[in-house]
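Since the structure comes first, as structure tokens, the remarks are kept for the end.
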Number of protein chains: 2
Amino acid sequence: MTRQRTLLLDLIKEAGGHLDADELYRRAREKQPRVSLSTVYRALHLFKKMGLVEEYHFDESHHHYEATSKKEHHHLLCLGCGRVIEFQSPLSRYVTRNVPEARDFHIVDTELRMTGYCSNCRKTGQ
Amino acid sequence: MTRQRTLLLDLIKEAGGHLDADELYRRAREKQPRVSLSTVYRALHLFKKMGLVEEYHFDESHHHYEATSKKEHHHLLCLGCGRVIEFQSPLSRYVTRNVPEARDFHIVDTELRMTGYCSNCRKTGQ
DNA sequence: CACTAATTGCGAATGGTTCTCATTAGCGAC
DNA sequence: GTCGCTAATGAGAACCATTCGCAATTAGTG
Ligand SMILES: [Mn+2]
Ligand SMILES: [Mn+2]
Ligand SMILES: [Zn+2]
Ligand SMILES: [Zn+2]
């Protein structure tokens, strides 16, 4: 455990939300101005492999990361305002129980991403 | 409708599976050697906007495309052999019915991606 | 055919991520 | 504490999928 990794993990945890690598890099430099972007990416890989952090693929060209939480959760992405709405749902259980093709598949990770328009954006005409 | 677009759409349809842009480009050049990669990308955007083609984000750095099919389907990705297993499941209905946060959200697209190990890979020790 | 707007091919640019390599920091054994 | 070894870091270059800019070509219309 290095100074840099400690800082980065703390920042991810306290952020709560969905950080991308560049935002994490920006926040890290405020505390340790010499930290490098390479270190950020290397730490993210490491944390992911250790199961401390999860990587999400939203509809953008970069990834998002968040600290692993205890319960399975998924995301609704609003195409209008860009808001990310989280919800919990035992989808992996639903699928293993109801989908024949998934019955003898050992599931490691489940990622559900739904895009559309939130209630706000629907009211104000998208 | 240009010569290039006709060819590209035909290739996507006859491929059946999950093409990436480069594979589509390679196949297109066999029929029309002067077609350019830009045209491939431009056509894919167009087809996506027209609803003829769907874009998938698997765990790789590039995207995959397939002709839009009538019924909602999702993917299991084997981390062992790379196989992509498709399955049908009315997940968007399940979510809109069971998830309060999704109730007043207008869903445009649903993408479920599960990774793990297929039965084959589990037998042969991953 | 001729005209016009849309599309193409090509190469260069972009942006997120990964790599290389010289320097530095962590850490167990003294 | 200091030494020695290994792993991690910073800086920049490289990478690769995708996008852009622009001049040349084409589709579609009259
Ligand atoms: Mn989340
Ligand atoms: Mn499919
Ligand atoms: Zn919204
Ligand atoms: Zn497999």
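Every chain is numbered from 1, with letters handed out A, B, ... down the list of sequences. Fair warning: this is a prediction, and the values are worked out from it, not measured in the lab.
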Looking only at side-chain N and O atoms, does Arg3(A) come under 4.0 Å of OP1 or OP2 in dA8(D)?
no
Distance test, side-chain N/O of Thr39(A) to OP1/OP2 of dG10(D), below 4.0 Å
yes
Can you tell me the distance, in whole Å, between the CG atom of Asp22(B) and the C1' atom of dT18(D)?
11 Å
With no hydrogens and no angle check, do the side chains of His57(B) and Glu111(B) hold a donor and an acceptor under 3.5 Å apart?
yes
Leu37(B) CG - dA17(D) P separation (whole Å)
10 Å
Distance check needed: dG28(C) P versus Met1(A) CE, whole Å only.
15 Å
May I ask you to verify whether the side chain of Arg42(A) and the base of dG10(D) hold a donor-acceptor pair under 3.5 Å?
yes
Describe, in one word, how the ring planes of His75(A) and His18(A) are oriented to each other, choosing from parallel (under 30°), tilted (30 to 60°) and perpendicular (over 60°).
perpendicular
Would you kindly compare Thr2(B) and Arg34(A) by the position of their nearest DNA chain D nucleotide and give the one closer to the 5′ end?
Arg34(A)
Between dT7(C) and Arg5(B), is there an OP1 or OP2 to side-chain N/O distance shorter than 4.0 Å?
yes
Here the distance between atom C1' of dT18(C) and atom NE2 of His62(B), to the nearest Å, is 17 Å
Would a line drawn from the ring center of Tyr56(A) to the ring center of His64(A) be shorter than 6.0 Å?
no
Can a donor-acceptor pair be found between the side chains of Glu72(A) and Ser92(A) at a distance below 3.5 Å?
yes
How many Å lie between CG on Leu19(A) and C1' on dG16(C), as a whole number?
16 Å
What is the distance from CD of Gln32(A) to C1' of dA25(C), rounded to the nearest Å?
12 Å
Ser61(B) (side chain) and dG16(C) (base): donor-acceptor pair under 3.5 Å:
no
Between His64(A) (NE2) and dG16(C) (P), how many Å, whole number?
11 Å
So, does His45(A) get its side chain near the phosphate of dT17(C), meaning an N or O under 4.0 Å from OP1 or OP2?
no
Could you state the atom-to-atom distance from CG of Leu7(A) to C1' of dG10(D) in whole Å?
15 Å
Does Tyr41(A) place a side-chain N or O at less than 4.0 Å from the phosphate oxygens OP1/OP2 of dT18(C)?
no
Ignoring backbone atoms, test whether Gln4(B) places a side-chain nitrogen or oxygen under 4.0 Å from the OP1 or OP2 oxygen of dG9(C).
yes
Look only at the side chain of Arg27(A) and the backbone of Leu11(A), and say whether a donor-acceptor pair between them is shorter than 3.5 Å.
no
Are OP1 or OP2 of dT17(C) and a side-chain N or O of His63(A) less than 4.0 angstrom apart?
yes
